[in-house]
Amino acid sequence: MQTLFAALLVLAPGFAFAEAPAGQGMSVIGQVIFFAGFILIFYLLIWRPQSKRAKEHKALMSGLNKGDEVVTSGGIAGKITKVTDDFIVVEIADNVEVKVQKVAVATALPKGTLKDI
């Protein structure tokens, strides 16, 4: 019985605060600040990193040259043998070539990487 009484004394301040009258909510300025904070977080966490990745990928596509070693988004690794405006020809084995869109290139590999594989 004493432990129940002690527990009630510990929780009593919480009950007193729980019965406080409800506030009026956020003011218009508070809502504007909340909305601006939400936009800022969205920009910093989602939009800015995505635009940075898109810019890097665009630079990668414009810098593709014959002889570069690349990996496509499908996982095919090979050496570029021909470059046109929208497509590249990738040699994936001796006398085996595949035409791939430039946008499908995921990354460029350092020279000599394919020989080590």
**OP:** For Ala59 and Ser62, work out which heavy atoms get closest and say how close.
**Re:** O-OG, 3.0 Å
**OP:** Enter the distance from Leu45:CG to Leu40:CG here, rounded to the nearest 0.5 Å.
**Re:** 9.0 Å
Original post:
Roughly how far, to the nearest 0.5 Å, is CG of Leu60 from NZ of Lys55?
Top reply: 15.0 Å
**OP:** State, with a plain yes or no, whether a side-chain heavy atom of Met61 is found less than 4.5 Å away from one of Val105.
**Re:** no
**OP:** Please examine the side chains of Ile76 and Val100, heavy atoms only from C-beta on, and report whether any two atoms are closer than 4.5 Å.
**Re:** no
Subject >> side chain to side chain contact (heavy atoms under 4.5 Å, CB included) between Asn65 and Val83, intermediate numbers included >> reply: CA-CA 7 Å; Asn65 294 319; Val83 179; 5.6 Å; no
Original post:
Should we count NZ of Lys79 as having more than 12 external heavy atoms under 6.0 Å?
Top reply: no
Subject >> Neighbour count >12 (heavy atoms, 6.0 Å) for atom CD1, Ile46 >> reply: yes
Subject >> Short side-chain to backbone donor-acceptor contact, Glu97 and Thr81, under 3.5 Å >> reply: no
Original post:
In the single-linkage hydrophobic clustering (I, L, V, M, F, W, Y; side-chain heavy atoms under 4.5 Å), do Ile39 and Ile33 co-cluster?
Top reply: no
**OP:** Using the rule that two of Ile, Leu, Val, Met, Phe, Trp, Tyr join whenever any of their side-chain heavy atoms come within less than 4.5 Å, decide whether Ile80 and Val96 are in one cluster.
**Re:** yes
Please report, to 0.1 Å, the donor-acceptor pairs under 3.5 Å made by any side chain of residues 84-95, with sequence neighbours excluded.
unit_1: Thr84; atom_1: OG1; unit_2: Phe87; atom_2: N; d: 3.2
unit_1: Thr84; atom_1: OG1; unit_2: Phe87; atom_2: O; d: 2.8

Subject >> Any residue meeting salt bridge (Lys or Arg N to Asp or Glu O under 4.0 Å) with Lys111, in chain and number order, not counting sequence neighbours >> reply: Asp68
**OP:** Applying side-chain contact (heavy atoms from CB on, under 4.5 Å) between Val71 and each of Leu114, Thr113, Leu109, report the one that passes.
**Re:** Leu109
